[in-house]
There are 2 protein chains.
Amino acid sequence: MMDEGIGRMHDAIPSLPAEQATLCRLMSMVGKRMDEGLEEKLKPHQLNHSEFLTLMILHSRPDGSSTPGELCEFTSQGSTNMTRIGNALVQRGLVSRGASAEDRRCVLIRITAAGRRFVQKMLPPMFPHTEAMFAGFSAAERKQFSRLLRKLAKNLDQLDAEQAS
Amino acid sequence: MMDEGIGRMHDAIPSLPAEQATLCRLMSMVGKRMDEGLEEKLKPHQLNHSEFLTLMILHSRPDGSSTPGELCEFTSQGSTNMTRIGNALVQRGLVSRGASAEDRRCVLIRITAAGRRFVQKMLPPMFPHTEAMFAGFSAAERKQFSRLLRKLAKNLDQLDAEQAS
DNA sequence: AGTTTATAATTCACTGGTGAAATAAATTGT
DNA sequence: ACAATTTATTTCACCAGTGAATTATAAACT
């Protein structure tokens, strides 16, 4: 379907790089699909993607804490949105928010004991789904896939850097 | 960075399928990055991703026309949003909206001559960027990448189908 | 020391997208 | 033929995320 469409575009505009355009569409579509699947799994827990990711990152930090600014970097969210995410998670008692001792401009966000328990409980039931997504992928294919994705990511970094300059 | 984080999660919860989780994160991140790059390129033309995609699909149809319902399917947009997209494109004179003769419930959306000219003009300057994203990818790698993405897409379809039943 | 500049977080107004209800036309069953 | 069901689109109310302006603190300059 998509292939036909891009094929016809290529007929109309022969300079169109059909193969690359197809890969773009695939990345975009499949990425979106994956995210929707995850969001589905998170719905019962009343979390959205970025709240979940924020909580995961906090959980995975040695001391369980970070600042809004850092979390923005790690989650690729804007600071505006991180404020809201913080509000949501604090409200549910999964994280705490306090002033930083060293730099009083900063806020310290820390996962609570309840937050850790919540993660430990809600995470494992998601694993079967995660594994099923890659059913039929050999270890070599997974490795290759990872390599290609990282290569693409690097090119995108490169392009961003060029554009910024 | 992400690898370390997932590694520490794996330490805390050993049943976590680290490799698959990493691939999920990569897909999500890289897909998002690609979309942002595209959006950037579209901004000068005052189009967003879904308006662009809708216009592309119309352009690539043999007769240059479709219905909102079809366009929803093809773009994976909700019908609500397609109404807005239609409004935006009609307002700019890139597409026209009229009643369908066969089924009077349907609306017929058709790309205009101005719409086609617009596409022909704005598309080619985007090609270098599209090609640059896959710089350093051999033909074999591109093919492999496409294969893996389609395989993943198939698994996701499968999972959706199971869940629906 | 005191002014300027830079950084961190928040608030506000807006955009893009979603779900539920409303409307209208076609299809099905009797 | 006509009532009931299904399908197509739109409208309305809401959610998630973004950019610009605001406030507070820290760092740099003179």
Mind listing the N/O atom pairs, protein and nucleotides 15-18 of chain D, below 3.5 Å?
| unit_1 | atom_1 | unit_2 | atom_2 | d |
| --- | --- | --- | --- | --- |
| dG17(D) | OP1 | Ser50(A) | OG | 3.4 |
| dG17(D) | OP2 | Ser50(A) | OG | 3.1 |
| dG17(D) | OP2 | Asn81(A) | ND2 | 3.1 |
| dG17(D) | OP2 | Arg84(A) | NH2 | 2.8 |
| dG17(D) | O5' | Asn81(A) | ND2 | 3.4 |

Output all residues satisfying side chain to side chain contact (heavy atoms under 4.5 Å, CB included) with Ser96(B), sequence neighbours left out; order by chain, then residue number.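 Partners of Ser96(B) by the side chain to side chain contact (heavy atoms under 4.5 Å, CB included) criterion, ordered by chain and then number, come out as Arg110(B), Thr112(B).
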Taking only residues two or more places apart in sequence or in another chain, which ones pass side chain to side chain contact (heavy atoms under 4.5 Å, CB included) with His10(A)?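 Result, side chain to side chain contact (heavy atoms under 4.5 Å, CB included) vs His10(A): Leu16(A), Ala18(A).
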With sequence neighbours left out, what residues match [X] under side-chain hydrogen bond (donor to acceptor under 3.5 Å, both in side chains)?
{"X": "Arg105(A)", "value": "Asp103(A)"}
{"X": "Ser66(B)", "value": "Glu70(B)"}
{"X": "Ser146(B)", "value": "Arg150(B)"}
{"X": "Gln144(A)", "value": "Arg147(A)"}

Do any pairs count as a side chain to side chain donor-acceptor pair (under 3.5 Å) and have a residue in residues 24-34 of chain B, sequence neighbours left out, and if so which ones?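 Those involving residues 24-34 of chain B are Asp35(A)-Ser28(B), Asp157(A)-Arg33(B).
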What side-chain donor-acceptor pairs closer than 3.5 Å can you find for residues 124-138 of chain A, not counting sequence neighbours?
| unit_1 | atom_1 | unit_2 | atom_2 | d |
| --- | --- | --- | --- | --- |
| Thr130(A) | OG1 | Met126(A) | O | 3.0 |
| Ser138(A) | OG | Ala140(A) | N | 3.4 |
| Ser138(A) | OG | Glu141(A) | N | 3.0 |

DNA chain C contacts made by residues 97-109 of chain A, counting heavy atoms under 4.0 Å: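 Within this stretch, Arg97(A), Arg105(A), Cys106(A), Val107(A) sit under 4.0 Å of the strand.
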Could you give the side-chain donor-acceptor pairs of residues 42-49 of chain A under 3.5 Å, partners two or more places apart or in another chain?
| unit_1 | atom_1 | unit_2 | atom_2 | d |
| --- | --- | --- | --- | --- |
| Asn48(A) | OD1 | Ser50(A) | N | 3.2 |
| Asn48(A) | OD1 | Ser50(A) | OG | 3.3 |
| Asn48(A) | OD1 | Glu51(A) | N | 3.0 |

If you count every heavy atom of other residues, nucleotides or ligands that lies below 6.0 Å from Gln91(A) atom CD, does the total exceed 12?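 Not more than 12 within 6.0 Å, no.
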Chain B on DNA chain C: first and last contacting nucleotide, 5' to 3', under 4.0 Å to a heavy atom?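 Nucleotide range in contact with chain B: dG16(C) to dA26(C).
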